[in-house]
Amino acid sequence: MADVIGVFLEDLPVRLAAIEDAVTIRNAASIRAEAHALKGAAGNVSAVRLFEAARLLERTATESHLHDAEAVWRQLSVEARTVRDVLRACAASAGASCS
């Protein structure tokens with residue numbers, strides 16, 4: 001699991017930057033694809049709230065509700081920071097506080 005967490009933490013900033021760029025330019029296809037990828041990664045580390053935020057952003061793009069994408073992106077980024085902080089603490093404690 002430590003390897004999965006490490007890969008997730010390494011990949012997270014790249015995924016978030018790609019999502020932010022897609023939201024900024026209002027590219028529904030890119031938002032959908034990037035949110036879908038993040039949703040899968042969040043599922044791999046059991047980050048339920050991040051998974052749900054990514055699912056909502058993916059659906060927002062799929063339904064072309066791009067006027068809502070910015071607000072959904074903001075919520076997703078908050079969840080991502082929380083997950084990042086928890087997983088970093090977990091990794092630093094060699095898994096002792098992971099749950």
Side-chain angles (χ1 to χ4, degrees):
M1 188 64 178
D3 289 341
V4 173
I5 290 171
V7 169
F8 178 85
L9 289 173
E10 198 173 290
D11 189 52
L12 184 61
V14 175
R15 293 210 181 277
L16 293 176
I19 292 170
E20 183 176 29
D21 289 347
V23 169
T24 298
I25 64 172
R26 300 177 68 107
N27 183 320
S30 291
I31 295 169
R32 183 176 49 250
E34 296 297 340
H36 181 79
L38 180 58
K39 182 178 73 173
N44 288 339
V45 295
S46 300
V48 176
R49 291 177 65 172
L50 180 56
F51 179 93
E52 288 301 323
R55 184 188 61 75
L56 180 57
L57 185 58
E58 181 182 21
R59 188 176 74 212
T60 299
T62 298
E63 295 173 358
S64 295
H65 294 151
L66 297 181
H67 56 281
D68 296 331
E70 181 70 32
V72 177
W73 154 246
R74 283 192 303 272
Q75 182 59 38
L76 183 145
S77 65
V78 168
E79 295 300 337
R81 282 192 303 273
T82 300
V83 169
R84 180 201 62 206
D85 293 347
V86 168
L87 291 178
R88 281 182 178 165
C90 176
S93 67
S97 65
C98 297
S99 56

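Computation of the quantities below employed the complete heavy-atom set of this structure, encompassing side-chain atoms and omitting hydrogens, waters and symmetry-equivalent molecules.
Taken to the nearest 0.5 Å, the CD atom of E20 stands 8.0 Å off from the CD atom of E70. To the nearest 0.5 Å, atom CG of residue L76 and atom CZ of residue R81 are 10.0 Å apart. To the nearest 0.5 Å, atom CD of residue E34 and atom CG of residue N27 are 9.5 Å apart.
A salt bridge is defined here as a Lys NZ or Arg NE, NH1 or NH2 lying under 4.0 Å from an Asp or Glu carboxylate O, and E52 with R49 fails to meet this definition.
The shortest heavy-atom contact between C90 and I5 is SG-CD1, 4.3 Å. Summarising the geometry of T60 relative to A69, their closest heavy-atom pair is CG2-N, 4.0 Å, with the distance given to 0.1 Å.
L50 pairs with exactly one of T82, V78, V83 by the side-chain contact (heavy atoms from CB on, under 4.5 Å) rule, that one being V83.
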N/O donor to acceptor pairs below 3.5 angstrom from side-chain atoms of residues 8-15, sequence neighbours left out:
unit_1 : atom_1 : unit_2 : atom_2 : d
D11    : OD2    : R15    : NE     : 2.5
D11    : OD2    : R15    : NH2    : 3.3

When the side chains of residues 36-48 are checked against the rest of the protein, which donor-acceptor pairs come out under 3.5 Å, sequence neighbours left out?
unit_1 : atom_1 : unit_2 : atom_2 : d
H36    : ND1    : E58    : OE2    : 2.8
K39    : NZ     : E58    : OE1    : 2.7

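Residues L87 and L16 share a hydrophobic cluster, clusters being chains of Ile/Leu/Val/Met/Phe/Trp/Tyr side chains in contact below 4.5 Å.
Surrounding CG of D85 are more than 12 heavy atoms belonging to other residues, nucleotides or ligands, all under 6.0 Å away.
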